[in-house]
Number of protein chains: 2
Amino acid sequence: MIAPSELHAYGLRAKTASQTLAKASPQAKNTALLGMAERLRARRAEIEAANRADLEAARLGGLSTAKLDRLRLDEKILADLIAGLEQVAAMPDPIGEIEGITTRPNGLQVGRMRIPLGVVGFIYESRPNATVEASALTLKAGNAILLRGGKEAFRSNQVLVEFFRESLSEAGLPEDAVLLVPTTDRAAILEMCHMETLDLLIPRGGKDLIELVRREARMPVLAHAEGVNHLYVDAGADLEMAVRITLNGKVQRPGTCNALEKVLVHAAEAERFLPRLETALTATAVELRGDERARTILPQINPATEADWSTEYLDLILTLKVVDSLEEALEHIARYGSHHTEAICTNHHPHAMRFLREVDASLVLVNASPRFNDGFQLGLGAEIGISTSKLHAYGVMGVRELTTTKWIALGSGQIRE
Amino acid sequence: MIAPSELHAYGLRAKTASQTLAKASPQAKNTALLGMAERLRARRAEIEAANRADLEAARLGGLSTAKLDRLRLDEKILADLIAGLEQVAAMPDPIGEIEGITTRPNGLQVGRMRIPLGVVGFIYESRPNATVEASALTLKAGNAILLRGGKEAFRSNQVLVEFFRESLSEAGLPEDAVLLVPTTDRAAILEMCHMETLDLLIPRGGKDLIELVRREARMPVLAHAEGVNHLYVDAGADLEMAVRITLNGKVQRPGTCNALEKVLVHAAEAERFLPRLETALTATAVELRGDERARTILPQINPATEADWSTEYLDLILTLKVVDSLEEALEHIARYGSHHTEAICTNHHPHAMRFLREVDASLVLVNASPRFNDGFQLGLGAEIGISTSKLHAYGVMGVRELTTTKWIALGSGQIRE
């Protein structure tokens, strides 16, 4: 337990650091990022020791294999983190960038200048690599970050944050630009919701966390919620492509929020598509569930319950439904989707355009796998996550999405008539 | 009094309307806007009758002259509203616009598509013209709006909203796209903060309102708060220009949030600038207040109290302070400013650039009047207000700021390796 006042002191420290960071040179920020990369390389043993302790405790605590996998910092993940830090350092600095300058009839030049947000509060699950990725992106954007990671990763996070703080200090920047909440007590989340020093709160996790933060937070919230993602296979679609996309969406990495969870297929294709899909899935461990109409074609699969339509499995389960029209698919997605990632497989141009326009999701795809909803895949270089909140940044968030703009006006004595 | 459940039904009606509006054609939206303009022209008598009743009640209630002015819908204001509606109708439709399409190495084309927000809740003071302006902009952006105006303007608002709803209906659009909360009870504000059907809440008003909404709202909030706005007169500035900007900022329209409230002058210029300013203000009714150093130069002016530095007067009062450096001015503004509008008068390029970069305000000006912080003046065509919230839209908000983007991806069967 930690007293609320002590936690609020962390917010104040981050706020003070953010004021220096907003004015920091691109060079100083990049030096800190590269210093962190160097520490991940040179001091791997310390990270691995802390991570082993976390893994051991989690195993004793009975954590599932999938969750243990997310907790593990292996050689591959460390190499990816190092490459990511180097990439972020090499990116152009967004701060101070001036956009869209126009000259008004009176000669006043007006435009917008890109600026940091201030202090970002980040509440996330037990992937310790998120600690490094989120800190790197917020630093590049000129912000301070207050981290509250999952309790299973606490020892790993402590070492990683310590390395980041040393790198900041070495670069002449305030080490409080990266701060870890010194407790994994759930009450700390509520405290963060009430901190006046946070300019933005990013909760990443399940429905309960998102709802708690939405209700309690007094600052802007960019929720990173679950993905109940659909593929709609249209009449006349390329069924081979539809099978390939379904397979990729479901099995390539089932534990991620951009994995495919439901397939809606037009009645005109169901009798050809569903058996082909079942055959293609034979070699995998995917469990199929279906509505009544799907089960008349694949009688051996389990029946879908009402709960199936709104469940994010994050597992090798896929639920199938036969629909009579694009409209029915759109209505189903509007009702059960979670505004995360929605895809259509079609050859019919008006249907592709209508699906693109009418589906309300952070990424809408035509003839491509939902697994592309990822900052690196969409060309941002890196991501802090995928916002399912509509304002400010809907979808993948990189460095730019962690900044904002103010208006600027350059005059020569203009006054208003 | 109105039961909370009844108010929530208004939110649901707006939500339902917003779903149709998101898909509405540009032509239908523009027909509704022009229909409203036509009603303001043809049925002026009905508006004037309702406005007279509001004005009469307000006068009996002892409203100040300044507030009565804001409540009045005279011929000039109606003409401006008609011109504004015609301008908004003539603007390009932002919805469905596709931005920044790039092609990824695998051939996937990714970009963003502009979409509406959904339902905007708007809590504002007693200017009935805001009812028309806000409704026009949210409609153009494909949103529905739930309006909660000041009680003094209730009769005027009822007539204006009725005209808007007739215009929507005539254009084949759902009339619930523009809804007025049927009470001016303050409890309705709290209810709006808790409505799950609102996608954005815009409170426009004083500190108490903004704080209440920030604390209670469960949806994103774009606060439109007060302007404690400064002009810093640098050493070596063009003093004639500085006097002209001060005069314009203070007296051209003192009751607005972008009016000038404080002047900070460098000690090197104070002895020449302050007497000139006083002379220039002789013909006006402006009351000057000053810190000790200002009063050694202008001994006859009133002393400034601590409260003066953080007060938005919205009146013919101006407070003066002598500072020793740009740093001191920056610190004073960071401490007492309200992130609204801040200006510098300088001939020194590094000082201009430093002021632009370091001052955290929705508009930062060099050598121009703060009165330019206005959607029309900055080239947006119209505005719903000036956001002092940093996320999504910091500063003047027009049609585009009432929309967001989703990601789209156009493929030909791409899957993730």
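A quick note: this is a predicted structure, and the numbers were derived from the prediction, not measured. Below, read A as the first sequence line, B as the second, and so on, with proteins coming before strands; counting in each chain starts at 1.
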Give a yes or no answer on whether the side chain of [X] reaches the backbone of [Y] with a donor-acceptor pair at less than 3.5 Å.
X: B/Glu401; Y: B/Gly398; value: yes
X: A/Glu342; Y: A/His230; value: yes
X: B/Asn143; Y: B/Pro116; value: no
X: A/Lys406; Y: B/His339; value: no
X: A/Gln377; Y: A/Phe372; value: no

Pairwise side-chain contact, [X] with [Y], heavy-atom cut-off 4.5 Å (strictly under):
X: B/Val233; Y: B/Val263; answer: yes
X: B/Leu190; Y: B/Glu216; answer: yes
X: B/Val359; Y: B/Leu356; answer: no
X: A/Thr246; Y: A/Phe273; answer: yes
X: A/Cys257; Y: A/Ile386; answer: yes

Please state whether the side chain, the backbone, both or neither of [X] comes within less than 4.5 Å of a heavy atom of chain B.
X: A/Leu117; answer: both
X: A/Lys23; answer: side chain
X: A/Arg104; answer: side chain
X: A/Glu196; answer: neither
X: A/Ala361; answer: backbone

So which residue, [options], ends up with the most heavy-atom pairs under 4.5 Å with chain A?
options: B/Ile115, B/Thr403, B/Val396, B/Thr341; value: B/Val396
options: B/Arg357, B/Met353, B/Gln109, B/Arg253; value: B/Arg357
options: B/Asp374, B/Leu365, B/Thr404, B/Val364; value: B/Val364
options: B/Leu363, B/Ile415, B/Val110; value: B/Ile415
options: B/Ala393, B/Ser362, B/Ser389, B/Pro220; value: B/Ser362

Heavy-atom distances under 4.5 Å only: say whether [X] touches chain A with side chain, backbone, both or neither.
X: B/Ala334; answer: neither
X: B/Asn367; answer: both
X: B/Ala352; answer: neither
X: B/Asn106; answer: side chain
X: B/Asn347; answer: neither
X: B/Glu417; answer: backbone
X: B/Ile95; answer: neither
X: B/Gln252; answer: side chain
X: B/Val221; answer: neither
X: B/Leu108; answer: side chain
X: B/Val213; answer: neither
X: B/Leu247; answer: neither
X: B/Asn373; answer: neither
X: B/Arg112; answer: side chain

Exercise for the section: Inspect the surroundings of CD in A/Glu327 and state if more than 12 heavy atoms from other residues, nucleotides or ligands are less than 6.0 Å away. Expected result: yes

Exercise for the section: For atom CD of B/Glu240, decide whether the heavy atoms of other residues, nucleotides or ligands shown that lie under 6.0 angstrom number more than 12. Expected result: no

Quick check on the interface: out of [options], who has the most heavy-atom pairs with chain B under 4.5 Å?
options: A/Ser369, A/Ala368, A/Gly413; result: A/Gly413
options: A/Gly96, A/Gly395, A/Ala217, A/Ser412; result: A/Ser412
options: A/Leu410, A/Thr405, A/Leu391; result: A/Leu391

Problem - Carboxylate-amine/guanidinium proximity below 4.0 Å for A/Arg400 and A/Glu99 - result: yes

Handout entry: Salt bridge flag under 4.0 Å for residues A/Glu211 and A/Lys207
Key = no

Practice task
Please determine which of B/Leu198, B/Asp199, B/Ile202 meets the side-chain contact (heavy atoms from CB on, under 4.5 Å) test together with B/Val120.
Solution key: B/Ile202

Problem - From CA spacing to verdict: side chain to side chain donor-acceptor pair (under 3.5 Å), B/Asn258, B/Arg371 - result: CA-CA 5 Å; B/Asn258 59 18; B/Arg371 291 276 297 119; 2.6 Å; yes

